[in-house]
Amino acid sequence: MVIFSLSIKYPFLMRIRRSFIHVIPLVITLLVISCQGRKDENTISAKAREIHKKVLTVDTHADTPLALDHVNLRGGTAEGERSGKVDFPRMKEGGLDAIFFAVYVAQGPLDEEGYEQVREKAMTLFEKIHAVLEENSDLAEPATRSDDALRIEKLGKRAVYIGIENGYAIGKDLSLVKTFYDLGARYITLCHSRNNDICDSSTDEEGPLHHGLSDFGRQVVEEMNRLGIMIDVSHISDESFFDAVEVSLTPVIATHSCTRVLCDHPRNLSDEMLLKLKENNGVIQVTLVSSFVKQREDEEAMQQAYDMLRKKYGEPDTLSPDQRVLYRKERAEIREKYPREYATVADLVDHIDHVVELIGIDHVVIGSDFDGGGGLKDCSDVSEMGNITLELVKRGYAEKEIAKIWGGNMMRVFRDVEKQAGQ
Ligand SMILES: [Zn+2]
């Protein structure tokens, strides 16, 4: 009204008034679009939450047992305890029903002394896991059969399976496969970052030792088939992978690996390997390790800087106090020059998309590698697992497909392996 009376006196105000009137419909349209956008976002979030709650969710690889000395699986941090990426309350918060705890053993020498030491280490880790599950029996239960996850989920508890990361744990003693089966192991990652007596690793600096599976490795795979232990091909070399798939009577799993075409790392699976995996009816569990999800632009330069540091100082444990100060100073400089950049859930789901496009929805699962290097910008611990479902819903994956990705595909392989063992 004020503008109207003034505009008689000042005609330019009339022009402003006219243009203002023209703008009104545009403003209203923009408001409606923005409200609609927010409403759509809310609908997608609600749908994702509902699906995430409904489907069985399984994480196929976490190195949490390594952190058991300083992590309280009941949640929170007491004095002297550091918090890891997994505990039972955060699993519940993140809607994760089942998890595979890894009995990880570092690679040592391939000799009798090494075998004895590693056997003891593995035994100690099994004992620790059993003890911690006993202590937390109100929150979680040990699981050994494919249908245990669903049964335990219905009790409102978390299901904890066990896998062994690095077949080095059995040394050259085939009878240990059964010993570890009896202790609850349901998969064995055939090797870790270096070659062992079973097969070659994808990352051994010395290059191949057997050019695939050794004769002993073949026996191990056959024994795993006989008992009902899944064959984990993560970490193993390409030659070892093709051998394992050839020898195994059951589908294989890759509990924590991504696709090489999207992130060129020897630990990741090439398209040729993925096509073979489809033939084998196996699964790849895309992992949340940032450097396997997305390569940094300056990756090569950064790796070179760390390699030079390693060459200059050798093993940090063996340094004198003075040398250690210098080593730490140089390491800090590299860290400052190449600050950590984490990949995102969207980057991870790009790998899922690729697997689905290449070999279909029946061959992809998720394995976090939490407490072993896993953690993304927007899924940094187990409480944020729902963000993966949210991204899947945003990209148009249906509930049935998400159920396969989160557990259905893994349990299909698990059942096949149990069936084979029963024969
Ligand atoms: Zn690993």
Side-chain angles (χ1 to χ4, degrees), residues 58-68 71 84-86 99-108 118 121-122 125-126 128-129 160-170 180 185-205 217 220 224 229-238 240-241 244 252-260 262-270 273 277 282-295 303 306 342-343 348 351 364-376 379-382 410 413:
V58 185
D59 176 352
T60 61
H61 191 87
D63 281 310
T64 309
L66 285 181
L68 283 181
V71 162
K85 294 195 174 278
V86 176
I99 196 162
F100 277 78
F101 275 178
V103 166
Y104 162 77
V105 286
Q107 182 87 11
V118 73
K121 263 186 210 157
L125 276 172
F126 272 107
K128 267 189 195 168
I129 296 171
V160 178
Y161 290 95
I162 302 177
I164 294 179
E165 181 169 26
N166 198 355
Y168 177 59
I170 62 168
F180 291 139
R186 288 301 177 267
Y187 73 68
I188 299 177
T189 317
L190 297 181
C191 70
H192 191 243
S193 53
R194 284 166 57 202
N195 307 330
N196 62 18
D197 290 302
I198 298 172
C199 67
D200 294 334
S201 165
S202 59
T203 49
D204 196 313
E205 285 170 4
V220 171
M224 287 166 74
I229 301 182
M230 288 176 276
I231 287 136
D232 181 12
V233 297
S234 278
H235 283 288
I236 77 176
S237 72
D238 292 17
S240 308
F241 167 87
V252 302
I253 59 179
T255 61
H256 54 305
S257 293
C258 286
T259 70
R260 207 176 287 171
L262 293 185
C263 183
D264 189 13
H265 191 290
R267 271 276 283 105
N268 288 341
L269 269 56
S270 69
M273 290 157 95
L277 195 68
V283 290
I284 173 175
Q285 285 97 336
V286 293
T287 189
L288 279 61
V289 179
S290 195
S291 53
F292 302 155
V293 175
K294 197 179 181 186
Q295 211 150 34
Q303 282 310 333
Y306 280 115
Y342 287 99
L348 177 82
H351 288 265
V364 64
V365 188
I366 295 156
S368 70
D369 209 3
F370 281 143
D371 295 318
L376 300 176
C379 190
S380 67
D381 73 16
V382 71
M410 173 66 174
V413 173

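Heavy atoms only: backbone and side chains are in, while hydrogens, waters and symmetry mates are out. We count ligands from 1, going down the list as the structure has it; atoms in each ligand are counted the same way. Residue numbers count from 1 along this sequence.
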Practice task
Would you list the protein N, O or S atoms within less than 2.8 Å of the Zn ion (ligand 1), leaving out water?
Solution key: Glu165 OE2, His235 NE2, His256 NE2
Handout entry: Under 3.5 Å side-chain donor-acceptor pair for His265 and Arg260
Key = no
Handout entry: Ring centres under 6.0 angstrom apart (Tyr187, Tyr161)
Key = no
Exercise for the section: Supply the atom-to-atom distance Leu348 CG to Leu376 CG, rounded to the nearest 0.5 angstrom. Expected result: 6.0 Å
Practice task
Answer yes if the ring centres of His351 and Phe292 are under 6.0 angstrom apart, and no otherwise.
Solution key: no
Practice task
List in chain and number order the residues that pass salt bridge (charged side-chain N to carboxylate O under 4.0 Å, His left out) with Asp204, two or more places apart in sequence or in another chain; answer none if no residue qualifies.
Solution key: none
Handout entry: Side chain to side chain, Leu125 and Ile162, heavy atoms closer than 4.5 Å
Key = no
